[in-house]
Amino acid sequence: MTNAQVIASWWRGLITIAQQGDQRIATKAAKSPATVAAISKEIVIIRKLNELGLDFVPHITASTNNSFSYPWIDGEHFSSVRKHSTPPQKKELAIKLLSRAYQLDKIGVVHGELIRPFTNVLVTPEREVKIIDFERGKLGDESG
């Protein structure tokens, strides 16, 4: 990979992108030893979703105990796209997001932060809804 560039730095993780051949690769790494557990849990959750074939989450291509890499997801934050959409487009986006959340619920994954779609939900140029950032997620049925 060449020239990794930091694109986001949150409380728990640091996200970089780098060019690998003709593909952009994103890497999320624990920001400190105190946040390794959150990133490790995120890896477990996303790997489960990858094994189930869900295409609306990052697809992990490499990982360690405190970082993981995946092909870059090109998109804008959900709230930005929604803000500039027509009423029928807003409805379509909401239905797509709710459908994704329902799919997660059916398999026992709680995202933990879908209340904030401005950072954790992306809309691709093809208007597909992608859910990212599972570091606050949980496995198992949280309804009861």
Considering residues at least two apart in sequence or located in another chain, which fulfil the side chain to side chain donor-acceptor pair (under 3.5 Å) criterion with [X]?
X     : answer
Arg47 : Ser63
Lys31 : Ser9
Thr61 : none

Between atom [atom1] of [X] and atom [atom2] of [Y], what is the distance when rounded to the nearest 0.5 Å?
X      : Y      : atom1 : atom2 : answer
His111 : Lys138 : NE2   : NZ    : 12.0 Å
Ile60  : Asn50  : CD1   : CG    : 5.5 Å
Lys48  : Glu51  : NZ    : CD    : 9.0 Å

Please, which pairs that meet ring-ring contact (aromatic ring centres under 6.0 Å, His included) have at least one residue in residues 14-44, sequence neighbours excluded?
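Non-adjacent pairs meeting ring-ring contact (aromatic ring centres under 6.0 Å, His included): zero.
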With sequence neighbours excluded, residues passing salt bridge (Lys or Arg N to Asp or Glu O under 4.0 Å) with [X]:
X     : result
Glu42 : Lys28
Glu76 : none
Arg82 : none

Side chain proximity check, [X] to [Y], heavy atoms < 4.5 angstrom:
X      : Y      : answer
Thr64  : Ile43  : no
Gln19  : Asn3   : no
His77  : Lys83  : no
Val109 : Leu139 : yes

Could you pull out all residues at least two apart from [X] that satisfy side-chain contact (heavy atoms from CB on, under 4.5 Å)?
X     : answer
Leu98 : none
Ser32 : Ala34, Thr35
Asp74 : Trp72, Pro125
Thr16 : Ala4, Val6, Thr27

Name all residues meeting the ring pair (Phe, Tyr, Trp, His ring centres under 6.0 Å) criterion together with Phe56; count only those two or more places apart in sequence or in a different chain, and write none if there are none.
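Here no residue qualifies.
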Side chain of [X], backbone of [Y]: donor and acceptor closer than 3.5 Å?
X     : Y      : result
Asn65 : Ile39  : no
Lys41 : Glu135 : yes
Lys96 : Lys130 : no

Passes side chain to side chain contact (heavy atoms under 4.5 Å, CB included), Ile107 versus Leu54? Steps please.
CA-CA 11 Å; Ile107 57 176; Leu54 298 182; 3.7 Å; yes
Test side chain to side chain contact (heavy atoms under 4.5 Å, CB included) on Val57 and Phe134; report intermediate values, then the result.
CA-CA 9 Å; Val57 299; Phe134 285 82; 3.7 Å; yes
Step through the shown structure and confirm whether more than 12 heavy atoms of other residues, nucleotides or ligands are within 6.0 Å of NZ on Lys91.
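No, the 6.0 Å shell around NZ holds no more than 12 heavy atoms from other groups.
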Do Val44 and Tyr70 belong to the same hydrophobic cluster, where Ile, Leu, Val, Met, Phe, Trp and Tyr are linked whenever their side-chain heavy atoms lie under 4.5 Å apart, directly or via other members?
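They do share one cluster, since a chain of ILVMFWY contacts under 4.5 Å joins Val44 to Tyr70.
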Considering the options Val123, Leu122, Asn120, which one meets the side chain to side chain contact (heavy atoms under 4.5 Å, CB included) requirement together with Phe78?
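Result: among Val123, Leu122, Asn120, Val123 is the only option passing the side chain to side chain contact (heavy atoms under 4.5 Å, CB included) with Phe78.
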Taking Leu104 as the fixed residue, which of Leu49, Val110, Ile45 is the one that meets the side chain to side chain contact (heavy atoms under 4.5 Å, CB included) rule?
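Only match with Leu104 under side chain to side chain contact (heavy atoms under 4.5 Å, CB included): Leu49.
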